[in-house]
Structures are given as structure tokens and as C-alpha cells.
Amino acid sequence: MKSLFKGALTAAALAVCAFGFGHAEAQTPPGVLVVGQIAEPKSLDPAAVTAVNDFRILMNVYDGLVRYKDGTLEVEPALAESWTISDDGTVYTFKLRDGVTFHDGTPFNAEAVKYNFDRMLDENHPQHDTGPFPLAFFFSAVETIDVVDDLTVKFTLNAPYAPFLSNLAYPTGLIVSPEAVKEFGADYGRHPVGTGPFKFAEWESNAKVVVVRNDDYWEDAAKLEAVVFRPITDANTRVAELMAGGIDLMVEVPPDSLTQLSGDDNFSVYEQAGPHLWFLILNMKEGPFKDKKVRQAINYAIDKKALVENVLQGTAEVAAGPTPPAFAWAYNEQLQPYPHDVEKAKQLIKEAGAEGAEVTFYVTEGGSGMLDPIPMGAAIQADLAQIGLTVAIETYEWNTFLGKVNPGLEGKADMAEMAWMTNDPDTLPYLALRTDAWPDKGGFNSGYYSNPEVDKLLEAARSSTDQAERAKLYREMQEIVYDDAPWAFIANWKQNAVSSTMVDGFKLQPSFFLLLDDVVKN
């Protein structure tokens, strides 16, 4: 049964790739949505990946205990029908949905939930070696997971942790089949099994990932028969494929193309602001950026307004600090973006004795939320040349780029492009600005920033259950980070997508995920 089903979908997927160019109506099979992705996924194990590019596939194959309510970052029930929180904020008890099965036919229950989180968090778990699990940080407050009964599971935290539910809704909290992990081991990421609206059918490297409708889904079945995710690294090639009818939907459209497609009746354009930050990681361990004056000089030297208006053509806004304004309740409105001031930058460079410094700059060809990274990198290189810095750009494909940046910049580069899309104002600073988030400690603080006051503020903010108190702490954190300038704060993006007009029911989400179960292809 399984092999026949997979074979049928493989044939449909091959049909998708076999069509020639011409009118969009002639290209892709009815009922099959073809999505142009920005890169090859790294893995389809939700506990093992960090990129939104991968998450866009995963959210259609898996469910979590909770999820984000449509169009918001508010949490609502999913595999858990309900939950209670103890008065002290440290015990979360979830009542699970009855009758749900994984795509491999095994039951979803409290034991499966415990297995998932123990696999990430317990070094002695028999499948812990199927990691690493880079975002296990999200659940570092979890002390124990207890099976109360078949449909009740209890999480006990070591302290109140405000982002806990939001983190459970993030892809790291998606629930995988324990039996599939046991069967495939370290290769599980190529054989994903969830409970979601689509089942995995095929992954042909650098060509496509195919998922097919799960007719036994616990909620309403998806309207599409299948989705084919095609990795097309070059944005202009993705646009050409869309216009030729080779794909039905693409995300992260280049600004030039967005303007062009907006005036074409054959396409639907979607735009939405979201919690995004595009920035430069600065290596504070060695080289010129050890000096705060040089880091501040970079922030003054880069003409961010020109980047946003000319390179990104108004598809983003200038960033003022480490927290995106989309988190309105926690955003520090008193902070103004560093102004473009070449003379001020030159003065700081001179005071630091860094005139003529040589800088190695990592740039990516594309990637989750990276906007137009090569033109952005070239423009930044030109801006820094104006203050006497010699910038050597090294360009890498997205997954190769992450493999160089995430382990830390020491001994390799002085700065690197980066973008994050996050679910909570805690996420990015906690994972990328704390001292305990240096890469050798498992975090993403690739530039080695360390400020004890920032560490204290972040720890206090995540353990407070009072949102007003949390907001105050985050605003203080933003002021300190703004002055320390461990990053060059560049842009907050308005995410976008374009589809053919045959696609109906698609919506962008503030989470940046692609949720395709309600999409129809006419």
C-alpha cells in the first residue's frame, strides 16, 4: 500500500519536472502545488534544523502540541486539546487529542511526546545521537517530562519561563514519530514521519521534496493532492520559473521582480510585515571589531536608507536595534537607527587606530530572510571603503554559509551577513547575544558578544510572567546592545510571496511559515 502510494506521487512529481516552458496553465498538474524554495533543505527532522527554508516544509508534515493561530503569533491548541499552568508558572499539563496517528500508523500519545523532548534534552537518551539539536535551547527550562496517562503529559520547568508555549509552537516543538526515529536513526531527517496534513513521499537531492495529502488527518484534510518543493537558489531563476509556469508559488521575491509582477494580472502578490532582522555579525574576539568604536563606526558608515530604498526598493525598513518593531509590546521606540554619518565613522576609526584595516566579509548567495544578499554585500563593501576599510567578500551557498558562520567567526571572518525571523522577543537575543550562547556552548552568538548586564536582563525577562515587566527588561537590553553594537543593524523586512492566479486560499503568516492545507489550485 505504502509503496504504491509513494510510486503514484513520484510519477506526479516527475510530471511536474517534465513539463516544458510555456503558459502557466500547461505546466504543473492540477491539484499539485509547486513551490519555489530558496535552497535545498538541510534536513526534515524538525529538532535538527534552524532555517525558515526548512521550516516551510516541516510545518506541513508535522504538528506540535500547540500552534500559532492563523494570522497571529498567539498560541492555540493543536495536538494538545487544552492545558493548565500551575500558579507558580512552572508546571504545564497538556491534555492530548485522542485518536491521532502518525503517518506510519503508530499512535500519537503522551509517551510519544515525552520521547520527542527527551531525545533533544537527555544526553543519555538512546536516540540523542540522532542530533545535534541546535535549538534545544528553546526548552532548556524543562526539568522533567512525565506521562500522567496515555493522553496527559506534564512538563515541569526549573523556573517560570514566559516563552514556553510560543516555543512549543515553533518547529523545534513539532512531534516526530518515535518508531521512525528508531528505524532510521541518524538518517531520520531524510525519512520524516509526522501527524500533519501532508505525508512525506520523496526527496530527490537538489531537485524536489514531495509531500502528499494525509487523508486521515485529525482535522479537515488538505485541499491539495500534493506539494512539490523545488530548491531554486538563484532568485531570478525562481522568478523565471514562476513566469514560465514551472512553479506556482515562490517566496522572497527580489524587489525588481516584485514591482514587475505586481503589474501582471497573471500573478497574485502578497506582502506582510513580520518579526525579521537583517544584520551583520561582527567578530568581537579578534581583529578590528574587538573595539566598540570600530563597531559603532560600521553602523554609522553603512547607508542603510540607501540599502532599503535602492537595493531592497522599499520592501524593508531601516532597523534601529536587535528587536524587530513587529514585537510592538517589547520594542524600544526611543531608539533611532544609527544615522548615515561618514565623517563620524571616520573619526571613530581614527580614534581606534583602525585606519586601513582589512576585513573578511562572509556573504551568502541566498537563504531564509536574507533578502538580496549579494547586492546588499556589495553595497556595504562600497560604504566601508569610504571610511578606509578594505573589505574582501567571500560568497557561499546558504547551507555552506551556515556551516561556516554558526560555529563562530574566529579565525575565519570579521563579519557575516545574517537574518533571523523569530516568534518571541526572547528568541534572537537569547540564542545569539548571551555569553552562554557562544558557539562552543551550543548557541548562535557567532561574533562572541558578552555583556553581563545583557545576560542578566535576558534571564530575568524570560522568567517573568508579567508582560509589562518583560517589556521593560527587553527595552533596557536593546539600549545596551544598541550602544555596544555587536551587530550592524540594517533592515526589518516585509516578507513577500507571489503565486500564479490559479492559486487560491494562500496567506502569509507573521511566523514566516508556509501553511498550505487550505490552499486550492484551480
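When a residue number appears, it is its place in the shown sequence, counting from 1. Computed from heavy atoms alone, side chains included, the values below leave out hydrogens, waters and symmetry copies.
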Students often mix this up, so state it plainly: with edges at 30° and 60°, are the rings of Y396 and Y362 parallel, tilted or perpendicular? perpendicular
Could you tell me whether E76 and R67 make a salt bridge, using a distance below 4.0 angstrom between a side-chain N and a carboxylate O? yes
Roughly how far, to the nearest 0.5 Å, is the CZ atom of F361 from the CG atom of L282? 9.5 Å
Before you tell me yes or no, could you show the steps for K456 and E459 under salt bridge (charged side-chain N to carboxylate O under 4.0 Å, His left out), namely the whole-Å CA-CA distance, both residues' side-chain angles and the distance that decides it to 0.1 Å? CA-CA 5 Å; K456 277 191 261 182; E459 291 294 348; over 6 Å; no
Let me know which of D424, D426, T465 forms a side-chain hydrogen bond (donor to acceptor under 3.5 Å, both in side chains) with R470. D424
Would you say the side-chain atoms of E397 and T400 include a donor-acceptor pair closer than 3.5 Å? yes
Go through it in stages, so that I can follow the logic: the residues are N451 and D484, the test is side chain to side chain donor-acceptor pair (under 3.5 Å), and I'd like the CA-CA distance, side-chain angles, deciding distance and then a yes or no. CA-CA 9 Å; N451 186 313; D484 283 343; 2.8 Å; yes
Hey, what's the ring geometry for Y270 with F506, parallel, tilted or perpendicular (30° and 60° as the breaks)? perpendicular
May I ask you to say whether E317 pairs ionically with K305, meaning some side-chain N is under 4.0 Å from a carboxylate O? no
Taking D303 for the side chain and H340 for the main chain, is one N or O donor matched with an acceptor at less than 3.5 Å? no
Can a donor-acceptor pair be found between the side chains of E252 and N496 at a distance below 3.5 Å? no
Please report the shortest heavy-atom distance between A39 and N53, naming the atom on each side. O-ND2, 2.9 Å
Assess the side chains of T90 and D88: does a donor N or O sit below 3.5 Å from an acceptor N or O? yes
Return yes if a side-chain donor-acceptor contact under 3.5 Å exists between E309 and Q313, otherwise no. no
Any donor-acceptor N/O pair, R119 side chain to Q127 backbone, under 3.5 Å: no
Would you mind checking if K494 and E271 are paired as a salt bridge, meaning a charged N to carboxylate O distance below 4.0 Å? no
Trace of the side-chain contact (heavy atoms from CB on, under 4.5 Å) decision for I298 with L389: CA-CA 10 Å; I298 296 297; L389 299 185; 3.7 Å; yes
Side-chain (S463) to main-chain (A460) donor-acceptor, under 3.5 angstrom: yes
Donor-acceptor contact below 3.5 Å, side chain D455 vs main chain R434: no
Give a yes or no on this: more than 12 heavy atoms of other residues, nucleotides or ligands lie within 6.0 Å of atom NZ of K42. no
Report yes if some heavy atom in the side chain of M415 is under 4.5 Å from a heavy atom in the side chain of I281; otherwise report no. no
No-hydrogen, no-angle side-chain donor-acceptor test under 3.5 Å, Y474 and N332: no
Under the side-chain contact (heavy atoms from CB on, under 4.5 Å) rule, what do L249 and V498 come out as? Steps first, then yes or no, please. CA-CA 6 Å; L249 171 71; V498 176; over 6 Å; no
In short, P337 meets A320 closest at the heavy-atom pair N-CB, 3.7 Å
What I want to find out is whether R295 reaches D483 closely enough, with some N-O distance under 4.0 Å, to be called a salt bridge. no
Does K290 NZ have over 12 foreign heavy atoms under 6.0 Å away? no
Atom of Y62, atom of L44 and distance for their closest heavy-atom approach: OH-O, 2.7 Å
Is there a donor-acceptor pair closer than 3.5 Å between any side-chain N or O of S177 and the backbone N or O of A180? yes
Main-chain N/O of T50 paired with D54 side-chain donor or acceptor, under 3.5 Å: no
Does the side chain of E286 pick up a donor-acceptor pair with the side chain of N283 at under 3.5 Å? yes
Regarding E40 and W203, do their side chains bring together a donor and an acceptor under 3.5 Å, going by distance alone? yes
Counting distance only, does the side-chain N/O of N492 pair as donor-acceptor with the main-chain N or O of P324 below 3.5 Å? no
Going through the checks in order, is the side chain to side chain donor-acceptor pair (under 3.5 Å) test met by Q509 and D70? CA-CA 7 Å; Q509 299 291 332; D70 185 33; 2.7 Å; yes
d(L73 CG, S511 OG) to nearest 0.5 Å is 6.5 Å
What do you reckon, are the aromatic ring centroids of Y170 and F55 less than 6.0 Å apart? yes
From CA spacing to verdict: side-chain contact (heavy atoms from CB on, under 4.5 Å), V142, I145: CA-CA 8 Å; V142 174; I145 303 120; 3.8 Å; yes
Sub-3.5 Å donor-acceptor pair from the side chain of S86 to the main-chain atoms of V91, do we have one? yes
Pairwise distance CZ(F137) to CE(M120) - rounded to 0.5 angstrom: 13.5 Å
Please evaluate residues E394 and K404 with respect to the criterion salt bridge (charged side-chain N to carboxylate O under 4.0 Å, His left out), reporting the C-alpha separation (whole Å), side-chain torsions for both, the decisive distance (0.1 Å), and the verdict. CA-CA 11 Å; E394 295 183 14; K404 287 182 169 290; 5.7 Å; no
If we ignore hydrogens and angles and just use 3.5 Å, is the side chain of N60 paired with the main-chain N or O of L514 as donor and acceptor? yes
Distance (rounded to the nearest 0.5 Å) between W493 CH2 and F512 CZ: 6.0 Å
Once rounded to the nearest 0.5 Å, what's the spacing between atom CE of M284 and atom OG of S450? 8.0 Å
Roughly how far apart are L431 CG and N445 CG, rounded to 0.5 Å? 10.0 Å
Exercise: identify the closest heavy-atom pair between A297 and I387: O-CD1, 4.4 Å
After noting the C-alpha distance and the side-chain angles of K285 and D414, does the key distance pass the salt bridge (charged side-chain N to carboxylate O under 4.0 Å, His left out) rule? CA-CA 9 Å; K285 188 176 261 195; D414 299 291; over 6 Å; no
Ring pair (Phe, Tyr, Trp, His ring centres under 6.0 Å) with W420: which of Y430, W278, W487, F444? F444
Heavy atoms only: give me the nearest V75-A169 pair and the separation to one decimal. CG2-CB, 4.4 Å
Is the F164-F155 ring centre distance short of 6.0 angstrom? yes
Test side chain to side chain donor-acceptor pair (under 3.5 Å) on H128 and N124; report intermediate values, then the result. CA-CA 7 Å; H128 186 72; N124 296 315; over 6 Å; no
Inspect the contact between K441 and D436 and indicate whether a charged nitrogen and a carboxylate oxygen are less than 4.0 angstrom apart. yes
Please answer whether the main-chain N or O of Y482 pairs with a side-chain N or O of Y338 as donor and acceptor at a distance below 3.5 Å. yes
Steps toward side-chain contact (heavy atoms from CB on, under 4.5 Å) verdict (V454, E476): CA-CA 8 Å; V454 168; E476 287 181 39; over 6 Å; no
Residues K472 and E469 bridged, charged N to O under 4.0 Å: no
Could you check whether the rings of Y448 and W438 sit parallel, tilted or perpendicular, using 30° and 60° as the cut-offs? perpendicular
